[in-house]
Amino acid sequence: MAHTPLSEGFFERVARSDGGQTDEQPVLQVIGTRPLNNGERYRLLVSDGLYCNPWVMLATQLNELVINKAIHRFCVIKVRKHICNVMNASKNSDSSSRKILILLEVDVLHEGESIGQIGNPTQLNQDGSVSAPASSETTATTPAPKPTTNGVSGVKRPLSSPNVAEQPKPKTKSHVAASNDLSKETIAPISFLSPYQNNWVLRARVTQKSDIRTYSNSRGEGKLFSMTIADESGEIRVTFFNEGVDKNFDNLEVGRVYYIKGGRLKAANKQYSSVKHEYEITGGNETQIIPCDEDTKDIPRTSFNFVRIKQIADTNADAIIDVIGVVKSVGDATTFTAKSSQREFTKRELVLVDESRAEINLTLWGDTAVKFEHADNPVIAIKGVKVSGFGGKSLSTTQSSSIFTNPVDVPEAHKLRGWFDNGGRTEVVEALTTQGGSSGGHVSGDLGSVALAKLPIPGTDARYDAVLACPVSFREANAVYKSCSNKDCKRKVQDANDGTYLCPKCNIPNNTEFTYRYMLNANVRDATDGVWVTFFDEQAKQILGADAQVVGQAFSDEEESTAHRIFQEALFQPHLFKLRGKMETYNDDNRLKTTCVTVQKLSTDEQINFLEKEIARLCNKLNVTPDS
DNA sequence: CCCCCCCC
């Protein structure tokens, strides 16, 4: 079948050019495709008729072409736009630099089936170089390449075209290097790593390094640290244990480039890491790490996968993500004792904001919390921070989080700096974390209005809603009850009508004492609706401004008017109520029961602030910008 | 081989 002629010799011209850039728009044939990182991007085996080049990647925006099979085996393409990434294995050895072509714009000229393979192309050298003019097919006289078990680069793993991939490759350069000179070995791109390859050597920058952590479990105890390394192709997490910690921790520096050879690959558990790679490396005795002090400009300095703050609203709790934001406010470091474990903790709360018009609370822990003293609104980038469901959504550092303050190599940091200093500072944005959170449990659903707080809850979980509302009516008569006088017992006592009160729980005989406590039903209303809410002692006392003893005594003394005045004065006072909604079955009826968890009296400024944030939230939801 | 990461 007739087809457009291939641009014969194109790969040879690329190989022989400086930097690999040509002005050509070559016509090429795709011999095979292979997904990398679970289809995150595609690597192609491509022929120009004379040479077959495995170092071709499809730009991710063109993934669709492979997925919908527009690009498949033996199809002929015209490359409208491409770039060439040169990865230097060694500065002093041009022949060992590898040129990776990334196809940016592609037209598919012919489907593949009816064409078949065009010509009999020769595989390029493993480092992407050309040994001899393709016209002189003298491959038999050139030294054989290292056996494919070498696996240095991933080339040996057949793409979808074994007949081509397994052809003997012409080779002029030996890749057997002295073990202490990794720089002479062929370098594998990180994104190509898989457990099916051995003997790889990476040239990668350490972009993040954790502290050393010890652990103790049923299998014993030990210590470990992990780091993220990156090259132009991607990033991967590397973990060292025990002796590996002693051997490597002090020698590894964040920001520096190393040759790394040897280590076991295993599936990465995404649950614990934000690093984008299907696998991770476990270092062992065989692992060699040697600093690369040559020109390393080609290796990226950072490897973040930032999630915009607004996007965290839709991110599951417990996810580990990378975040960048301006520190809008910094709390003090505080130390407290956890009730459950009696252990002492130090934490510090920050508020992070970004251009997505959203802000979120971030809790730092331990040493990180103590040392974080930046009052001047720095930009911080965090690699590996945990999303928490507390108070809506919040963030919490873990021992493997790394914080980069005002990072110079992160373009987003400069953009954020500019945004914050030119108006962002005073912009009203949506708060993903309700101030102070709710008292435990998980928060879901919308925050902000009584109408939303009244919606039934599917399932059995509780829902927490923060509303700015006023009490408009009280059930005064049943506002207080006589409770057990025992400290911390809130049970209602039975009045024996002989001056003694029996608590069914504490069972103190002939107890003449009791304590008045509130269990107050109030109708709480905002512009959207009203809802009946139960207030227990502490919260009721806050809105009424009087102890239950005062109200109880007034009722008991038949001075209802005294009690009534207390209720009257509490009407229509705006508060920020945290409401807890839970479905309850009552007479076969499934209805929402609402109790008040916290009460906060708001100043006028605070009320305005709350309403502005609520407007910002709604605008974010509708994707509109509020008129100022 | 970790992966607990804390509290309201």
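Quantities reported herein were computed from a predicted structural model and do not represent experimental measurements. Per chain, numbering begins at 1; letters A, B, ... match sequence-line order.
For the OP1/OP2 pair of B:dC6 and a distance below 4.0 Å, the side-chain nitrogens and oxygens of A:Lys347 include no atom meeting the criterion. For A:Ser396 and B:dC6, the shortest distance from a side-chain N or O to OP1 or OP2 is below 4.0 Å. Taking only side-chain nitrogens and oxygens, A:Tyr272 never comes nearer than 4.0 Å to OP1 or OP2 of B:dC5. Using a 4.0 Å cut-off, some side-chain N or O of A:Asn217 falls inside it from OP1 or OP2 of B:dC2. Not one side-chain nitrogen or oxygen of A:Lys223 sits closer than 4.0 Å to the OP1 or OP2 atom of B:dC2.
Checked for salt-bridge contact, A:Glu430 and A:Lys310 miss the test: no charged N lies under 4.0 Å from a carboxylate O. Using a 4.0 Å cut-off between charged side-chain N and carboxylate O, A:Asp246 and A:Lys223 make a salt bridge. With respect to A:Glu349 and A:Lys347, a salt bridge is recorded, a charged nitrogen being found less than 4.0 Å from a carboxylate O.
In this entry the distance linking OH of A:Tyr279 with C1' of B:dC2 reads 20 Å, nearest Å. Rounded to an integer number of Å, the gap from A:Ile281 CD1 to B:dC2 P is 18 Å. Rounded to an integer number of Å, the gap from A:Ile403 CD1 to B:dC5 P is 18 Å. The nearest whole Å value for the distance from the CE atom in A:Met227 to the P atom in B:dC3 is 19 Å. When the C1' atom of B:dC3 is taken as reference, atom CD of A:Glu280 falls 9 Å away, rounded to whole Å. Counting to the nearest Å, the P atom of B:dC7 and the CG atom of A:Asp332 are 21 Å from each other. Here B:dC5 presents its C1' atom at 14 Å from CG of A:Leu395, a figure rounded to the nearest Å. Straight-line distance from the CZ atom of A:Phe336 to the C1' atom of B:dC6: 7 Å, rounded to whole Å.
Distance CD1/A:Ile260 to CH2/A:Trp200: 7.5 Å, rounded to 0.5 Å.
Of the listed nucleotides (B:dC1, B:dC6, B:dC3), B:dC6 has the atom at the smallest distance from the side chain of A:Arg343. With distances taken from any side-chain atom of A:Trp365 to the nucleotides B:dC1, B:dC2, B:dC7, the minimum falls on B:dC7.
Ring-to-base geometry does not place A:Phe345 in a stacked arrangement with B:dC6 (centre distance under 5.5 Å, plane angle under 30° required). In this structure, A:Tyr215 does not count as stacked on the base of B:dC4 under the 5.5 Å centre distance and 30° plane angle limits.
A cation-pi contact, defined as under 6.0 Å to the ring centre and within 45° of the axis, links A:Lys209 to A:Phe249.
Nucleic acid contact for A:Glu221: none, since no nucleic acid atom lies under 4.0 Å from a heavy atom of the residue.
Position along DNA chain B of the nearest nucleotide to A:Ser388 versus A:Thr398 favours A:Thr398 as the more 5'-ward residue.
Residue A:Gln399 places no side-chain atom within donor-acceptor reach of the base of B:dC2, judged by atom type and a 3.5 Å distance cut-off alone.
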